[in-house]
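Quick notes on the structure that follows.
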Amino acid sequence: MRDVAIVSFAASTTPHSNLDDVEMLAPVIHEAIESSGLARREIGFTVSGSCDYLCGRPFSFLMALDAASAWPPISESHVEMDGAWALYEAWVRLQIGDIDAALVYAFGKASQGDLNAVMATQLDPYYLAPLGVDAECFAALQARAMLDAGRCTERDMAAVAARGRRDAGLGAASADELLRAPYKLAPLRAHDCPPVTDGVAAVVLVAGDRARQLHKRPAWIRGIDHRIEAPSPGVRDLTRSPSTALAARAAGVGRAKVDLAEIHAPYTHQEIIVREALGLDASVVINPSGGAPGAHPVMSAGLIRVGEAARRILDGSAQRAVAHATAGPCLQQNLVCVLEGEQ
Amino acid sequence: MEGKQDPASPAEALSAPYVLAYTYRRSVGPVIGRFLTGLREGRIEGVRTAAGRVLVPPAEYDPETGAAVGDFVEVGAAGVVQSWCWVSEPRAGQPLDRPFAWALVKLDGADTAMVHAVDAPSPAAMRTGMRVCVRWRAERVGSVRDIACFVPDEGSGASEAPPMPPAEPVRGMLSPVHLEFTISPGATLSRFLEGVVEGKLLGRRCPACAKVYVPPKGACPTCGVPFGDEVAVSDTGTVTSFCIVNVPFEGQTMKLPYTYGSVLLDGADIPILHLISGIPADEVRMGLRVRAEWLPAGERRPTLESIRWFAPTGEPDAAYETFSEHQ
């Protein structure tokens with residue numbers, strides 16, 4: 001395998017932006033490229049992650065290319081997935097060896113529509129869509145399964161929210177204070193659900209010695225893998241995430257001590273499921289960025305987890321970090337990435 | 001970085017409601033089709049996998065092995081709640097218009113759970129492990145909604161479904177999509193559209209390549225950098241290319257034949273597309289000099305339709321060299 005590292009990361013999130021996708025993206029892509037030290041022409045591959053349904057406009061990723069400078073024509077790809085999967089494609093592309101640098105970005109403005117209704121369009125059209133059920137209902141069924149199985153308590157869930165909100169700078173409410181709120185979709189309270197967020201993110205990947213020239217401490221991708229489970233929630237054990245566990249094993253999470261993990265858990269109980277599936281012990285710092293309770297920009301939240309983990313390698317505050325991204329209802333699909341600093 | 005408010009997000013930008021609505025006509029295939037046909041007839045059928053598990057609702061292939069599924073098996077119209085959540089504010093289109101529970105229900109004889117609504121009086125009446133049974137809809141069409149909902153089983157089990165007249169097997173279904181948005185064109189385009197209401201065409205200059213874009217976008221498509229200065233451009237320009245529309249279509253407001261052209265406004269570096277009128281279609285030509293015909297001030301809205309069309313100025317045609325870059 002060719003050594004590939006993250007050398008820069010930039011993101012912008014807000015509950016609601018009046019800017020359009022390109023206006024949000026252009027400064028963030030600019031910041032990621034500028035801080036990488038690369039010239040734009042050195043980027044050999046550009047790949048993005050987004051979802052057309054968020055803005056109700058087909059092929060919206062083509063419009064967003066204005067932010068990535070597609071002239072002279074560039075080598076480009078897109079995934080209708082969180083940007084973490086775009087990063088996976090960029091990593092695979094860099095393995096070929098003919099180019100040394102790739103730009104990955106993701107964008108989405110969830111505040112433009114009814115996010116639950118938008119996410120419901122990804123569900124089975126025969127058995128589920130006619131019911132008007134949505135991803136939040138599935139998260140609530142999953143949370144109840146966790147509570148019934150004794151795998152967590154409502155207070156454990158509130159503690160995830162309290163820590164995330166505190167680390168994101170959204171206030172110091174304790175878990176007990178949060179628990180006084182009424183249910184939103186019992187057993188979920190509002191703090192268990194991700195805030196509607198508009199956001200964009202960009203990451204620059206560089207291979208081999210070029211990465212060492214650009215940064216004194218690149219965040220090397222030492223393992224990356226993603227796995228998916230059956231779509232129907234009724235056939236899965238919702239209290240476990242075997243796809244995360246498999247991806248973690250393939251990515252080599254357990255091969256050495258982990259300093260921190262950035263877990264993409266849209267709902268609080270999902271952090272508990274993923275943490276266990278990753279096999280992390282109690283010493284691992286979880287989501288120093290605040291995670292989903294702080295901001296959850298759909299389509300870039302997973303890429304931001306990778307970027308936030310990389311940031312702490314790049315700045316020297318961590319040696320080995322794990323990043324996780326998820327997609328689909330009830331943690332259906334999961335990506336795990338292991339990042340390490342120079343030994 | 002994450003959590004940071006975007007200082008460039010303006011407090012005011014244009015926005016407009018936008019609805020995306022369309023209906024797919026889906027083929028359901030032999031497996032889902034048989035399940036839906038069974039529901040119409042008041043019967044719930046699953047499929048048995050090679051390992052002997054009964055999948056309800058049926059999958060077309062075993063989710064564990066990918067193998068084709070085997071025989072259909074009728075299962076009970078009652079079962080056990082495996083998990084549930086409580087909806088205190090139902091949305092339009094959901095099975096019940098009063099607070100209800102979503103539940104994963106494992107029907108008697110099935111090995112997997114199906115999602116449906118449970119009509120319970122309160123969350124206190126719900127618990128994992130409780131028994132529930134189907135409440136059938138009287139008029140059934142071959143849909144998962146033929147099960148109106150589940151209800152707590154008081155011990156008598158599910159009532160028989162009222163009979164339906166015989167009909168052809170279910171082969172298809174309609175899948176409507178209806179999504180409502182509030183779309184903003186963003187800060188740059190909002191400013192342009194506000195200018196249109198004032199009868200002005202405001203472009204933006206790229207700080208890198210110095211080209212003036214009208215209408216401006218969020219970033220220069222060539223350089224990938226946010227635009228710089230606002231530049232007012234003229235409402236006169238040159239036709240760089242055109243086509244003549246001879247084909248009628250629904251919703252057409254122009255009388256055939258009419259002309260649609262690329263107009264390079266004086267002071268702009270990118271042409272805009274608009275109607276060319278005030279001249280017979282067969283006399284429109286490349287290089288024709290034209291001017292915007294604006295709607296009266298009180299009728300202008302934030303759209304390029306505030307320009308009725310472009311009409312000849314009467315000036316001599318522009319030399320080809322002045323617009324050849326835009327071919």
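Remember, it's a predicted structure, so these values are computed and weren't measured experimentally. So you know, we letter chains A, B, ... as the sequences are listed, proteins then strands, and number each from 1.
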For the CZ atom of A/R57 and the CG atom of B/L20, what is their distance to the nearest 0.5 Å? 12.0 Å
Between B/T222 and chain A, with a heavy-atom cut-off of 4.5 Å, which part of the residue counts as in contact: side chain, backbone, both or neither? both
Look up atom CH2 in B/W102 and atom CG in A/L131, then write down how far apart they are to the nearest 0.5 Å. 5.0 Å
Exam field: side chain A/E23 to backbone B/T188, donor-acceptor pair closer than 3.5 Å: yes
Can you confirm whether B/L189 sits close enough to A/D20 that some side-chain heavy atom of one is under 4.5 Å from a side-chain heavy atom of the other? no
For chain B, which candidate among A/L238, A/T121, A/V133 shows the most heavy-atom pairs at distances under 4.5 Å? A/V133
Toward chain A, the part of B/H116 with a non-hydrogen atom under 4.5 Å: both
Heavy atoms only, distances under 4.5 angstrom: which of B/F227, B/Y24, B/Y18 has the most pairs with chain A? Name it, please. B/Y18
Using non-hydrogen atoms only, which part of B/Y22 is less than 4.5 Å away from chain A: side chain, backbone, both, or neither? side chain
Modelled atom types, side-chain donor and acceptor of B/S184 and A/N18, under 3.5 Å: no
Would one find more than 12 heavy atoms of other residues, nucleotides or ligands at under 6.0 Å from atom CZ of B/R145? yes
Between B/A92 and chain A, with a heavy-atom cut-off of 4.5 Å, which part of the residue counts as in contact: side chain, backbone, both or neither? neither
Highest number of heavy-atom pairs under 4.5 Å with chain A: which of B/G93, B/P95, B/S175, B/C223? B/C223
Check each atom of A/Y53 against the heavy atoms of chain B and say whether the ones under 4.5 Å are side chain, backbone, both or neither. both
Verify the distance criterion only: is there a donor paired with an acceptor across the side chains of B/S83 and A/Q142 at less than 3.5 Å? no
Would you say the ring centers of A/Y127 and B/F35 fall short of 6.0 Å from each other? yes
Side chains of A/L147 and B/T128, heavy atoms from C-beta outward: is any pair under 4.5 Å? no
Counting only non-hydrogen atoms closer than 4.5 Å, does A/A129 touch chain B with its backbone (N, CA, C, O), its side chain (CB onward), both, or neither? neither
Side chain from CB out, backbone as N, CA, C, O: work out which of these in B/P58 comes under 4.5 Å of a heavy atom of chain A, or both, or neither. both
Tell me, out of A/A230, A/C137, A/A201, who's got the most heavy-atom pairs with chain B below 4.5 Å. A/C137
Test side chain to side chain contact (heavy atoms under 4.5 Å, CB included) applied to B/K217 and A/V22, step by step: CA-CA 8 Å; B/K217 301 175 152 201; A/V22 172; 5.8 Å; no
Side chains of A/L185 and B/W86: does their closest heavy-atom pair fall under 4.5 Å? no
Sort out for me which of B/S143, B/A219, B/C85 touches chain A most, counting heavy-atom pairs under 4.5 Å. B/C85
B/M130 atom CE: more than 12 heavy-atom contacts under 6.0 Å: yes
Does this structure show an ion pair linking A/D134 with B/R91, if we count only N-O contacts that are shorter than 4.0 Å? yes
Residue part contacting chain A, namely of B/L104, when any heavy atom lies under 4.5 Å: both
For chain B, which of A/V28, A/D66, A/I29 has the most heavy-atom pairs under 4.5 Å? A/D66
Bottom line for B/M114: the part with an atom under 4.5 Å from chain A's heavy atoms is neither
What option among A/A140, A/G113, A/G56 has the most heavy-atom pairs under 4.5 Å with chain B? A/G56
Interface moiety of A/R40 toward chain B, non-hydrogen atoms closer than 4.5 Å: side chain
Quick one, A/V118 and B/F181 - any side-chain contact, counting heavy atoms below 4.5 Å? yes
Chain A contact via B/P185 - which portion, at a heavy-atom distance below 4.5 Å: backbone
Closest approach of B/Q94 to A/G132 (non-hydrogen atoms, all atoms of both residues): NE2-O, 3.0 Å
Taking all heavy atoms of A/L19 and all of B/A187, pick out the closest pair and write down the distance. CD2-CB, 3.7 Å
Any side-chain heavy-atom pair of B/P63 and A/R236 under 4.5 Å: no
Chain A contact via B/E180 - side chain, backbone, both or neither, heavy atoms under 4.5 Å: backbone
Please determine, among A/P125, A/A26, A/A145, A/A67, the option with the most heavy-atom pairs under 4.5 Å with chain B. A/P125
What is the distance from atom CZ of A/R144 to atom CE of B/M126, rounded to the nearest 0.5 Å? 8.0 Å
Any residues in residues 193-200 of chain A near chain B, with a heavy-atom distance under 4.5 Å, and which are they? none
